[in-house]
Amino acid sequence: RLMQIEILYFGRPSENLKLSHETVNLPAGISTLGELLAWLCLRGDHWAQELTEARIKCAINQEFSAWDAQIKDKDEVALFSPISGG
Amino acid sequence: RLMQIEILYFGRPSENLKLSHETVNLPAGISTLGELLAWLCLRGDHWAQELTEARIKCAINQEFSAWDAQIKDKDEVALFSPISGG
Amino acid sequence: MSVSIQHEDFDAGAVMAELRATSNNVGAVVSFVGLVRDSSYDEKVENILVEHYPGMSENALNKIIAEAKTRWDLLAVKVIHRVGRLGPNDQIVLVATASSHRGHAFSSCEFIIDYLKTDAPFWKKEVTQQGGEWVVTKDSDVQRMERWNTGK
Amino acid sequence: MSVSIQHEDFDAGAVMAELRATSNNVGAVVSFVGLVRDSSYDEKVENILVEHYPGMSENALNKIIAEAKTRWDLLAVKVIHRVGRLGPNDQIVLVATASSHRGHAFSSCEFIIDYLKTDAPFWKKEVTQQGGEWVVTKDSDVQRMERWNTGK
């Protein structure tokens with residue numbers, strides 16, 4: 001069955017993609033963060049450039065997560081540039 | 001020739017000997033801090049108790065000094081309990 | 001509350017007074033204030049923009065504080081992180097700790113700011129005459145954080 | 001002046017603001033405040049008396065600060081030590097340091113208070129219901145000071 005997730009953007013990708021959040025319906029076959037990222041990169045060169053794994057960190061439900069982490073229905077996924085607080 | 005020195009007292013010995021400072025003329029033969037202390041202890045049991053080397057620290061001209069340090073004429077000698085600031 | 005994320009400036013002295021007032025057994029209050037520096041890699045910084053992940057940032061800071069409390073005897077802790085547009089010399093962050101013993105207050109304060117730098121979702125964009133640049137996690141900050149686990 | 005020995009209370013926040021104002025290159029201000037605890041070895045402390053060796057105490061603190069400046073990059077330093085009669089929760093001592101880098105501010109602040117405890121001529125007498133007791137240098141303080149020279 002299809003999964004619907006919320007994606008939040010922070011830092012550089014949020015600014016460059018002019019997007020702070022969106023709700024997306026995931027197509028079949030997307031079940032990890034890495035797969036989600038690859039799928040988002042299909043949106044165009046600008047996306048592919050912003051969302052390479054090397055430039056992005058992510059969290060699922062407000063926990064830092066690795067690219068092989070599983071996504072579940074209703075998850076809150078955040079994509080952001082490396083953190084730099086303090 | 002005779003030496004005249006100023007002795008300052010701080011902390012426990014100052015309180016117990018009821019003395020903050022005095023000017024003394026040293027008799028011949030007293031040239032180190034250790035000798036000064038032994039000489040002051042001759043003033044009586046109360047002094048001997050307060051000024052045992054184990055309970056006292058000292059400074060000459062505002063520098064911490066060891067018991068074998070030489071005393072010179074006009075020196076400012078300070079005798080005090082172990083420091084405990086901060 | 002131990003954690004505050006806010007646009008408004010803060011009064012470090014008032015926070016220290018608050019921590020001091022928690023108990024007559026407080027012997028040491030240590031505080032760290034991080035400020036906006038006016039230069040970055042020799043470029044003049046005009047201002048910075050600080051962003052955070054609402055919800056996760058508070059949780060991350062509370063987790064760091066909880067970990068500090070398992071490592072040291074703390075009587076009180078306060079962390080304030082500002083967000084929004086800030087100029088040179090503006091205060092960005094405050095970490096203050098209170099303990100009976102100064103060693104505990106010092107170590108925990110440094111531990112919290114070190115982990116904040118690597119584990120709390122905040123972002124800084126520095127604006128210079130060349131434009132804006134999102135700052136990335138510094139290797140030196142990662143190394144400082146890792147010291148706490150290797151005993152170095 | 002970097003050093004003040006005074007009867008009056010101090011405002012830690014005002015001192016931190018002063019250090020912050022020295023330069024737009026200040027990135028970190030760390031401060032330590034030492035307070036009178038209400039108990040000592042399980043006895044209730046009614047008050048303490050702080051005494052110092054005028055002249056030598058200022059010189060000793062200035063020497064400690066000078067040594068800290070050779071070890072770390074410091075933009076400003078302030079040390080305040082109170083003397084006279086103080087009660088539980090009263091502030092005794094403040095050490096505040098400012099640097100471009102937080103590691104320097106933290107280490108120098110802790111270095112200065114560690115050396116103050118062993119190298120600056122101040123004395124504390126604690127008054128409990130059992131009477132007054134002149135505090136002696138703590139072995140733990142000597143050990144903390146010695147860490148700075150053995151690299152431990």
Side-chain angles (χ1 to χ4, degrees), chain B residues 4-24 32-34 36-37 40-41 45-86, chain D residues 3 5 32-37 40 48-64 79-83 86 91-95 109-127 131-142 144-145:
Chain B
Q4 188 177 68
I5 63 169
E6 181 81 6
I7 307 181
L8 309 181
Y9 298 87
F10 296 101
R12 195 201 61 245
S14 173
E15 180 180 59
N16 290 349
L17 298 170
K18 294 178 179 52
L19 189 63
S20 64
H21 60 99
E22 62 177 323
T23 304
V24 298
T32 69
L33 277 174
L36 170 66
L37 210 66
L40 291 171
C41 285
D45 285 352
H46 197 44
W47 286 78
Q49 188 188 327
E50 277 304 320
L51 299 185
T52 55
E53 288 190 7
R55 302 185 74 196
I56 290 286
K57 303 285 179 182
C58 66
I60 299 178
N61 300 327
Q62 308 197 355
E63 297 281 347
F64 293 108
S65 300
W67 296 116
D68 60 358
Q70 293 288 320
I71 303 172
K72 302 182 312 300
D73 190 33
K74 307 295 181 204
D75 273 353
E76 175 179 299
V77 172
L79 301 175
F80 41 80
S81 42
I83 62 174
S84 54
Chain D
V3 170
I5 296 171
F32 163 81
V33 172
L35 304 162
V36 181
R37 291 171 59 193
S40 175
I48 69 169
L49 178 67
V50 183
E51 196 179 282
H52 75 124
Y53 183 168
M56 183 174 170
S57 52
E58 290 86 349
N59 290 341
L61 292 175
N62 280 314
K63 260 190 252 180
I64 295 167
V79 176
I80 301 176
H81 203 302
R82 292 178 71 192
V83 292
L86 300 173
Q91 301 187 121
I92 309 173
V93 62
L94 166 83
V95 177
C109 186
E110 196 166 6
F111 173 91
I112 290 168
I113 184 63
D114 284 352
Y115 269 84
L116 182 155
K117 295 257 178 187
T118 58
D119 283 25
F122 291 86
W123 296 269
K124 274 200 295 264
K125 183 180 156 185
E126 287 178 346
V127 179
E133 187 81 39
W134 289 91
V135 182
V136 300
T137 321
K138 289 186 188 140
D139 289 343
S140 60
D141 284 332
V142 173
R144 293 188 73 83
M145 180 274 282

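Throughout, a chain's letter reflects where its sequence line sits, starting with A, and its residues are numbered from 1. All values below were derived from every heavy atom in this structure, side-chain atoms included, with hydrogens, water molecules and symmetry-related copies excluded.
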Review point. Has the side chain of D:His81 got a donor or acceptor atom that lies under 3.5 Å from a matching backbone atom of B:Gly86?
Key: yes
Practice item. Answer with side chain, backbone, both or neither: which region of D:Val50 has an atom nearer than 4.5 Å to a non-hydrogen atom of chain B? Key: neither
Exercise for review: Please say whether more than 12 non-hydrogen atoms of neighbouring residues, nucleotides or ligands are located less than 6.0 Å from NE2 in B:His21.
Suggested key: no
Exercise for review: Only counting residues at least two apart or in another chain, list the ones meeting side-chain contact (heavy atoms from CB on, under 4.5 Å) with D:Val142.
Suggested key: D:Thr118, D:Thr137, D:Glu146
Exercise for review: Tell me, out of D:Ala120, D:Pro121, D:Gly34, who's got the most heavy-atom pairs with chain B below 4.5 Å.
Suggested key: D:Ala120
Check your understanding: Under 6.0 Å from the CD atom of B:Glu76, do we count more than 12 heavy atoms belonging to anything else shown?
Key -> yes
Point to revise | Side-chain donor/acceptor of B:Ser84 to backbone N/O of D:Lys124, under 3.5 Å | key: yes
Review point. What is the distance from atom CG of D:Leu116 to atom CD1 of B:Ile83, rounded to the nearest 0.5 Å?
Key: 8.0 Å
Point to revise | Flag, side chain of D:Lys125 to backbone of B:Glu15, donor-acceptor distance under 3.5 Å | key: no
Practice item. Using atom types as modelled and distance alone, determine if a side-chain donor or acceptor of D:Trp123 lies under 3.5 Å from a backbone N or O of B:Ser81. Key: yes
Tell me which donor-acceptor pairs under 3.5 Å the side chains of residues 47-54 of chain B have, and how far apart each pair is, sequence neighbours excluded?
from    : atom 1 : to      : atom 2 : distance (Å)
B:Glu50 : OE1    : B:Arg12 : NE     : 2.9
B:Glu50 : OE1    : B:Arg12 : NH2    : 3.4
B:Glu50 : OE2    : B:Asn16 : ND2    : 2.6

Exercise for review: Among B:Lys57, B:Gln62, B:Arg55, single out the residue with the greatest number of heavy-atom pairs under 4.5 Å to chain D.
Suggested key: B:Gln62
Review point. Between D:Lys138 and chain B, which part of the residue has a heavy atom less than 4.5 Å away: side chain, backbone, both or neither?
Key: neither
Study note, to complete from the structure: Checking B:Phe10, B:Phe64, B:Tyr9 against D:Tyr53 for ring-ring contact (aromatic ring centres under 6.0 Å, His included), the one that qualifies is B:Phe10
